[in-house]
Structure formats: structure tokens, C-alpha cells
Q: 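My questions will all concern the structure given below.
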Amino acid sequence: MKTMLNVALPKGRLGEKVYAMFEKAGFECPSIKENNRKLIFENEEKGIRYFWVKPSDVAIYVEHGAADIGVAGKDILLEYEPDIYELLDLNIGKCRMAVAGKKDFRDNTQKTLRVATKFTNIAKNYYASMGREIDIIHLNGSIEIAPILGLSDVIVDIVETGTTLKENNLEVHEEIIPISARLISNKASFKFKNAQIETILKSIMQQLEEKND
Ligand code: PRP
């Protein structure tokens with residue numbers, strides 16, 4: 001029996017783009033395109049099994065070896081620092097991590113800055129690197145509301161098109177880091193399933209080069 005390679009794909013549009021790359025690499029699994037609520041799909045002949053997981057959970061599956069490889073945003077990797085290998089920048093799912101707030105916000109450096117975010121680790125590291133005292137307010141979503149209601153002075157959040165900020169009369173104050181989707185691997189899997197992983201890695205690298213030509 002063939003060893004199966006387990007791949008955690010982020011549910012959603014990004015995951016569909018990623019699956020297309022795997023398909024092009026010769027690891028298709030046609031049943032994945034059937035419109036149903038199944039979460040696991042496999043092609044035994046090709047030795048591959050895909051599963052759809054919440055984007056922010058991909059790195060957990062990979063770190064624990066429940067998935068051999070997967071695709072996760074750099075934001076998640078920076079936030080949770082999972083013990084995995086980051087194999088490749090896929091150059092998709094691009095956005096940036098930024099500090100944003102009200103347009104008329106004037107920072108008083110004498111005062112502790114109140115920062116609302118989902119990304120507490122990224123925010124703490126960013127402000128620590130500048131020696132700035134902050135209070136973190138951890139939220140789970142709709143972060144943009146915090147400075148509007150005075151819950152925080154600023155937010156640290158993902159900005160993609162900038163529409164959410166604009167429609168809420170907020171603006172980017174500082175850019176922290178560009179974000180994109182990364183191909184990641186479990187450390188033991190990279191050793192023991194290396195041939196399969198390398199085949200996929202090489203093909204995807206080639207696909208990215210062709211895209212750039
Ligand atoms: C993300 C992010 C911003 C928005 C940015 O939110 O937290 O709110 O997307 O995108 P834009 O610059 O294109 O407007 P998401 O949709 O993931 O929801 P949540 O953080 O509120 O849960």
C-alpha cells in the first residue's frame with residue numbers, strides 16, 4: 001500500500017487556488033470538486049489525502065503531524081510560532097499586517113498605548129522592538145470597531161484591500177510586515193516522506209517561476 005501524504009488546505013478561496021497548484025503538480029483528487037460538505041478527500045492511487053480546515057488551524061495540524069504539509073498565512077506563523085518548516089512563499093493571499101487607527105489620532109508617547117488585536121504576539125513583538133509600552137486588548141474579530149468606540153487607541157490587523165479601514169474612517173499608521181501564504185511541512189514528515197514532498201515542492205516552484213515569466 002502506498003504511503004499517503006496528508007495535506008491540510010485552508011478552507012476558502014485561497015485553499016482552492018492552492019489545490020489547483022497541487023492538481024497541476026499531478027496530485028489531483030477530482031472528488032474534491034463535488035459540491036458537498038465533506039472535509040476529507042483522497043486519491044489512493046496518487047497517495048494523497050486532502051482536508052479542508054479553518055485557515056488559522058492549518059499550522060496546528062501540521063505541527064502535530066496530523067497533516068504532513070499544508071498552507072498557512074505568514075500572519076499565523078508569526079503569531080503562533082509553530083515548530084514546523086516553512087518551505088515556500090506561494091506569493092498568493094497577499095496582504096499586510098499594519099497598525100491602524102482614527103485619522104486624527106495623535107500618539108502621546110508618554111502614555112501607554114492601547115492596542116486592540118487578534119494578533120497579540122505580533123503586536124507585542126512589534127512594540128517591544130521599539131521599546132514602547134502597550135496594553136493589549138485581545139479581540140476575535142471586527143477589530144476596526146475598537147478605536148471607533150474608544151476601546152483602544154489603535155489596532156494591529158490585516159489590511160488587504162483597505163476597504164474595511166476606509167469604510168470605517170480609519171487609516172494605516174504604520175506597516176508592520178507583508179503577509180502571504182506559505183507552504184509548510186511537519187518536521188518528521190519532511191524527513192520520512194521527503195520524496196513526495198520534494199516532488200510537490202519542485203512542481204509548485206516551477207509553476208511560480210512560469211507565472212513570473
Ligand atoms: C480581515 C481583517 C480586516 C479585513 C481587511 O477580517 O481583520 O478586518 O479582513 O480586509 P480589507 O483591507 O480588504 O478590507 P476578516 O474578514 O478575516 O474578519 P474578522 O477579522 O473581522 O473576523
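Read the numbers this way: they start at 1 and go in the same order the structure lists the ligands and their atoms.
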Q: Scan the protein's non-hydrogen atoms and note whether one is under 4.0 Å from atom 9 (O) of ligand 1.
A: no

Q: Is there at least one protein heavy-atom neighbour under 4.0 Å from atom 2 (C) of ligand 1?
A: yes

Q: Say whether Tyr126 and Glu174, considering side chains only, have a donor N or O and an acceptor N or O under 3.5 Å apart.
A: yes

Q: Can you confirm whether some protein heavy atom lies under 4.0 Å from atom 14 (O) of ligand 1, or whether none does?
A: yes

Q: Would you please indicate yes or no on a ring centroid separation below 6.0 angstrom for Phe27 and Phe22?
A: no

Q: Within a 6.0 Å radius of atom NZ on Lys54, are there more than 12 heavy atoms belonging to other residues, nucleotides or ligands?
A: no

Q: Assess whether atom NZ of Lys191 is packed by more than 12 heavy atoms of other residues, nucleotides or ligands within 6.0 Å.
A: no

Q: Which atoms from ligand 1 have a heavy atom of Thr161 less than 4.0 Å away?
A: 11 (P), 12 (O), 13 (O), 14 (O)

Q: Is the closest protein non-hydrogen atom to atom 6 (O) of ligand 1 under 4.0 Å?
A: no

Q: Decide whether an N or O pair under 3.5 Å exists between Ile143 and ligand 1.
A: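 No: no nitrogen or oxygen of Ile143 is under 3.5 Å from one in ligand 1.
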
Q: Would you say Asn121's side chain and Glu79's backbone share a donor-acceptor pair under 3.5 angstrom?
A: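 Checked: pair present.
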
Q: Which of the numbered atoms in ligand 1 are below 4.0 angstrom from a heavy atom of Val159?
A: 12 (O)

Q: With heavy-atom distances below 4.0 Å as the criterion, list the atoms of ligand 1 near Ser142.
A: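 Numbered from 1, ligand 1 contributes 19 (P), 21 (O).
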
Q: Return yes when atom CG of Leu87 has more than 12 non-hydrogen atoms of other residues, nucleotides or ligands closer than 6.0 Å, and no otherwise.
A: yes

Q: Is Ile158 in contact with ligand 1, taking contact as a heavy-atom separation below 4.0 Å?
A: yes

Q: Mark up the atoms of ligand 1 that fall under 4.0 Å of a heavy atom belonging to Gly162, in ascending order.
A: 11 (P), 12 (O), 13 (O)

Q: What atoms of ligand 1 come within less than 4.0 Å of a heavy atom belonging to Glu144?
A: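 Answer for ligand 1: 3 (C), 8 (O).
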
Q: Could you go through Asp68 and Val7, starting from their C-alpha distance and side-chain angles, then the distance that decides it, and tell me whether this counts as side chain to side chain contact (heavy atoms under 4.5 Å, CB included)?
A: CA-CA 6 Å; Asp68 298 304; Val7 185; over 6 Å; no

Q: With a 4.0 Å cut-off, strictly under, does atom 18 (O) of ligand 1 pick up any protein heavy atom?
A: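 No; the ligand atom in question lacks any protein heavy-atom contact below 4.0 Å.
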
Q: Using a distance-only test with no angle check, is there a side-chain donor-acceptor pair under 3.5 angstrom linking Ser180 and Arg182?
A: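 Short answer, yes.
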
Q: Count the heavy atoms belonging to other residues, nucleotides or ligands that lie under 6.0 Å from OH of Tyr127, then report whether that count exceeds 12.
A: yes

Q: Applying a strict 4.0 Å limit to heavy atoms, is Lys118 in contact with ligand 1?
A: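 Judged by the 4.0 Å heavy-atom criterion, Lys118 does count as contacting ligand 1.
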
Q: Taking non-hydrogen atoms only, is Thr164 closer than 4.0 angstrom to ligand 1 via side chain, backbone, both or neither?
A: both

